Amino acid sequence: MIKVIVYRNNKSVYAFELSGHAESGPVGHDLVCAGVSAVSFGAVNAVIKLCEIEPIIDQGGEGGYLRVELPRKLDASIRSKAEWLLEGMLVSLETIERDYGQYISISEK
């Protein structure tokens with residue numbers, strides 16, 4: 001199962017963490033894993049390009065782990081844009097969870 005943890009401060013997303021594998025199909029044909037990967041990496045790439053910042057990224061081992069955190073010192077308007085992009089990612093992940101909840105769970109801290 002893929003576990004998603006969203007970290008918030010005063011209701012604003014400042015980080016997220018993905019761990020595990022969906023195992024909803026054979027390796028290379030796992031649609032849940034592919035969807036989660038596409039949504040999360042797309043959001044991170046959008047934050048980097050559109051906000052012109054480098055988030056703190058930790059990727060682990062043989063895949064199955066990604067942690068992304070926004071830098072602490074950001075201009076308020078840049079932080080707001082980055083947070084909105086991460087909120088958009090979360091909406092997409094929640095849609096995947098709604099349809100494939102046996103393979104992905106989302107929680108917030």
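Nothing here was measured: the structure is a model prediction, and the numbers come from that model. One is the number of the first residue; the rest follow in order along the sequence.
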Looking at side-chain heavy atoms only, is the closest gap between I96 and V36 below 4.5 Å? yes

How far apart are the closest heavy atoms of P71 and P55, and which atoms are they? CD-CA, 4.0 Å

Tell me whether L74 is reachable from Y14 by hopping between hydrophobic residues (I, L, V, M, F, W, Y) whose side-chain heavy atoms are closer than 4.5 Å. no

Checking side-chain polar atoms at under 3.5 Å, does Y103 have a donor or acceptor matched by the opposite partner on E23? no

To the closest 0.5 Å, what do you measure between OG (S92) and CD (E87)? 11.5 Å

Would the number of heavy atoms belonging to other residues, nucleotides or ligands and lying under 6.0 Å from CG of L31 be above 12? no

Work out which heavy atom in C33 is nearest to a heavy atom in A22; give both atom names and the distance. N-CB, 4.0 Å

How close do E97 and S105 get, counting heavy atoms only, and between which atoms? OE2-CA, 3.5 Å

Nearest 0.5 Å, please: how far is OH in Y65 from CZ in R67? 6.0 Å

Atom pair CD/SG of E83 and C51 - distance to nearest 0.5 Å: 9.5 Å

Taking all heavy atoms of A43 and all of M89, pick out the closest pair and write down the distance. CB-CB, 3.5 Å

If Ile, Leu, Val, Met, Phe, Trp and Tyr residues are connected whenever their side-chain heavy atoms lie under 4.5 Å apart, and connections chain through other members, are I53 and V13 in the same group? yes

At their closest point, which heavy atom of R8 faces which heavy atom of E108, and how far apart are they? NE-OE1, 2.8 Å

Backbone of A76 reached by a side-chain donor or acceptor of S80 within 3.5 Å: no

Measuring from S107:OG to E17:CD, what's the distance to the nearest 0.5 Å? 9.0 Å

Going from CD1 on I104 to CG on D99, what distance comes out if it is rounded to the nearest 0.5 angstrom? 11.0 Å

Between G20 and I2 the two heavy atoms that sit nearest each other are O-CG1, 4.0 Å

How long is the gap from CG on L93 to CG on L18, to the nearest 0.5 Å? 6.5 Å

E94: what forms a side chain to side chain donor-acceptor pair (under 3.5 Å) with it, not counting sequence neighbours? none

Side chains of V47 and L70: closer than 4.5 Å at any heavy-atom pair? yes

Candidate pair V68 and D58, rule side-chain contact (heavy atoms from CB on, under 4.5 Å), full reasoning: CA-CA 7 Å; V68 177; D58 183 17; over 6 Å; no

Is a side-chain N or O of D30 found less than 3.5 angstrom from the main chain of P26, in a donor-acceptor match? no

Hydrophobic cluster membership, I106 vs W84, 4.5 Å side-chain cutoff: no

Using only atom types and a distance under 3.5 Å, with no angle test, would you say the side chain of R79 pairs donor to acceptor with the backbone of R72? yes

Does a donor on one side chain sit under 3.5 Å from an acceptor on the other, for S12 and N10? no

Flag yes if more than 12 heavy atoms outside Y7 fall under 6.0 Å of its OH atom; otherwise flag no. yes

State, with a plain yes or no, whether a side-chain heavy atom of L50 is found less than 4.5 Å away from one of K81. no

Please determine whether the number of non-hydrogen atoms from other residues, nucleotides or ligands lying under 6.0 Å from atom CD of E52 exceeds 12. no

Cluster link I56 to L86, ILVMFWY, side chain under 4.5 Å: no

Evaluate the side-chain proximity of F16 to I5: yes if any heavy-atom separation is below 4.5 Å, no if none is. no

